[in-house]
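Data first, discussion second: the structure below is written as structure tokens.
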Amino acid sequence: MSATPKQLPSANRQFVLAARPVGMPKESDFSLVEAPIPALASGQILLRTLYLSVDPYMRGRMTGVRTYADPVNIGQVMVGGTVGKVVQSLNPQFQPGDVLSGYWGWQEYAVSDGGGLQKLDPNLAPVSTALGVLGMPGMTAYFGFRDICQPKPGETVVVSGAAGAVGSLVGQIAKIKGCRAVGIAGTDDKVAWLTRELGFDGAFNYKTTNDYVAKLKELCPQGIDCYFDNVGGPVTDAVLPLLNVKARISICGQISQYNAAKPEPGVRPYIYLLSKQCRAEGFIVRQFADRFPQGTAQMAQWMREGKLKYREHIIEGFENAPRALIGVLSGENTGKMLVRFAEA
Ligand SMILES: NC(=O)c1ccc[n+]([C@@H]2O[C@H](COP(=O)([O-])OP(=O)(O)OC[C@H]3O[C@@H](n4cnc5c(N)ncnc54)[C@H](OP(=O)(O)O)[C@@H]3O)[C@@H](O)[C@H]2O)c1
């Protein structure tokens with residue numbers, strides 16, 4: 001049952017939180033430390049991390065405030081979704097070479113009793129997709145859009161953060177559902193990707209557009225029926241006046257506010273929701289966890305049918321994890337931001 005790996009290093013490299021960031025995180029907010037790799041007890045496995053998922057929510061965990069999850073403490077290993085390979089096993093359910101997804105955070109090795117881990121089949125899809133289109137961001141797009149926006153054919157859907165892991169999938173699902181999809185993103189290359197490769201009907205660069213309302217009016221001549229909000233802030237302020245009667249807003253994220261010390265003043269939304277009888281609903285993806293198998297099956301089917309494309313922005317090397325988080329908060333990524341620690 002046990003296999004001795006050929007070249008296990010003597011120490012496990014980890015990133016721990018060193019300081020609570022003020023504004024945009026800095027690389028010095030993290031410390032690279034080394035911890036011993038413990039000998040396995042019966043029932044345990046040793047995993048070598050292949051991929052780390054880098055997600056905007058990590059910024060929230062770095063503050064000392066509990067939101068819907070506990071914050072990371074100073075000196076604690078940073079949390080995060082991971083994919084890794086079993087290199088040693090004293091657990092009959094796992095064999096060396098098995099590839100698993102889990103949540104063991106920013107470290108090169110992890111010991112686990114197998115709880116909360118999922119076996120991946122590398123023949124079905126690249127294992128990295130368990131952190132993207134077939135993982136948490138994919139489920140966020142699928143359930144957050146489908147359940148909350150309840151899109152109908154012919155409706156106009158606007159997606160902010162449209163070229164990211166979640167947003168790029170939401171726009172494509174909108175097209176699959178027969179809607180008009182309009183995206184908002186932060187570079188011309190992202191806008192071109194959305195309209196030329198992903199089938200969005202329109203998109204614009206919010207960093208080079210002065211009048212968001214005028215641009216949205218041009219791209220959404222029938223008004224807006226569904227708004228999938230990843231960013232909040234001035235972009236969302238511009239969407240509100242263009243909502244149609246009975247429009248639905250899925251409040252997925254507010255990334256424009258994550259580095260702010262206090263909430264930025266903005267438009268008060270209720271008057272728009274009231275006058276157009278709209279519904280705005282926030283969600284946390286894990287509320288849909290019991291239906292994830294259904295969601296991944298549907299996303300995988302759309303991928304096989306060529307209806308759903310995904311892109312990964314892969315940064316090489318464990319030591320670049322802090323830079324990757326700063327990158328995702330700065331818009332460096334197109335599609336899903338990942339760090340590859342080792343080849344599968
Ligand atoms: N509710 C949930 O359960 C749940 C689950 C997963 C994710 N989320 C949220 O969904 C959103 C997208 O997550 P993701 O993983 O797909 O990340 P992502 O979109 O792949 O990456 C974040 C993107 O946000 C954009 N951005 C950064 N600062 C911005 C600003 N000030 N204004 C507008 N856009 C800005 C950047 O793209 P640009 O170049 O376009 O600026 C960046 O690439 C985040 O807000 C995240 O917190 C929520």
Side-chain angles (χ1 to χ4, degrees), residues 3-18 25 27-38 40 44-59 61-62 72 75-89 94-112 114 116-122 125-138 165 310-330 332-344:
T4 308
K6 292 178 193 90
Q7 287 176 322
L8 260 194
S10 55
N12 181 18
R13 294 196 300 166
Q14 305 171 319
F15 272 110
V16 300
L17 184 63
E27 294 200 35
S28 58
D29 295 329
F30 306 88
S31 281
L32 200 167
V33 300
E34 292 195 350
I37 297 178
L40 296 186
Q44 290 185 325
I45 58 174
L46 179 66
L47 289 147
R48 180 175 190 201
T49 312
L50 303 175
Y51 291 96
L52 170 71
S53 177
V54 180
D55 298 273
Y57 75 81
M58 291 169 170
R59 174 64 182 86
R61 299 287 198 283
M62 295 173 78
V72 175
Q76 187 185 333
V77 176
M78 275 293 294
V79 293
T82 38
V83 161
K85 194 176 260 186
V86 177
V87 290
Q88 266 187 329
S89 176
F94 301 98
Q95 305 306 318
D98 285 351
V99 181
L100 312 176
S101 66
Y103 197 74
W104 57 85
W106 297 30
Q107 52 184 340
E108 289 184 302
Y109 290 88
V111 173
S112 167
L117 302 181
Q118 289 196 314
K119 254 184 221 184
L120 304 177
D121 182 351
V127 294
S128 56
T129 58
L131 301 174
V133 58
L134 297 179
M136 185 277 281
Y310 69 94
R311 192 186 274 193
E312 296 172 331
H313 186 111
I314 297 179
I315 296 203
E316 298 291 344
F318 167 79
E319 56 286 347
N320 291 318
R323 197 170 65 70
L325 179 58
I326 296 165
V328 85
L329 295 170
S330 317
E332 197 185 295
N333 60 307
T334 299
K336 175 67 196 141
M337 179 68 104
L338 297 167
V339 182
R340 181 158 43 204
F341 290 9
E343 292 293 336

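Residue pairs meeting the salt bridge (charged side-chain N to carboxylate O under 4.0 Å, His left out) criterion with at least one member in residues 125-138, sequence neighbours excluded, do not occur.
Residues forming a side-chain contact (heavy atoms from CB on, under 4.5 Å) with Ala342 (at least two apart in sequence, or on another chain): Arg48, Leu50. For the ring-ring contact (aromatic ring centres under 6.0 Å, His included) test, residues two or more places apart in sequence or in another chain that qualify with Phe15 are Phe318. Among residues two or more places apart in sequence or in another chain, the salt bridge (charged side-chain N to carboxylate O under 4.0 Å, His left out) test is passed with Arg59 by none. Applying the side-chain hydrogen bond (donor to acceptor under 3.5 Å, both in side chains) criterion to Asn320, with sequence neighbours excluded, gives no partner residue. For the side-chain contact (heavy atoms from CB on, under 4.5 Å) test, residues two or more places apart in sequence or in another chain that qualify with Val72 are Leu17, Arg61, Gln76, Met78, Val79. Under the side-chain hydrogen bond (donor to acceptor under 3.5 Å, both in side chains) criterion, Glu27 pairs with no residue at all, not counting sequence neighbours. Glu332 is linked by a side-chain hydrogen bond (donor to acceptor under 3.5 Å, both in side chains) to nothing, counting only residues two or more places apart in sequence or in another chain. Ser101 pairs by the side-chain contact (heavy atoms from CB on, under 4.5 Å) definition with Val83, Gln118, Leu120, Ala130, not counting sequence neighbours. For Val111, the side-chain contact (heavy atoms from CB on, under 4.5 Å) test picks out Pro38, Leu40, Gln44, Leu46, with sequence neighbours left out. Contacts of Tyr57 classified as ring-ring contact (aromatic ring centres under 6.0 Å, His included), with partners at least two apart in sequence or in another chain: none. Taking Thr49 as the reference, Trp104 meet the side-chain hydrogen bond (donor to acceptor under 3.5 Å, both in side chains) condition, with sequence neighbours excluded.
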Given Arg13 and Glu34, is the salt bridge (charged side-chain N to carboxylate O under 4.0 Å, His left out) satisfied, shown in steps? CA-CA 5 Å; Arg13 294 196 300 166; Glu34 292 195 350; 5.4 Å; no

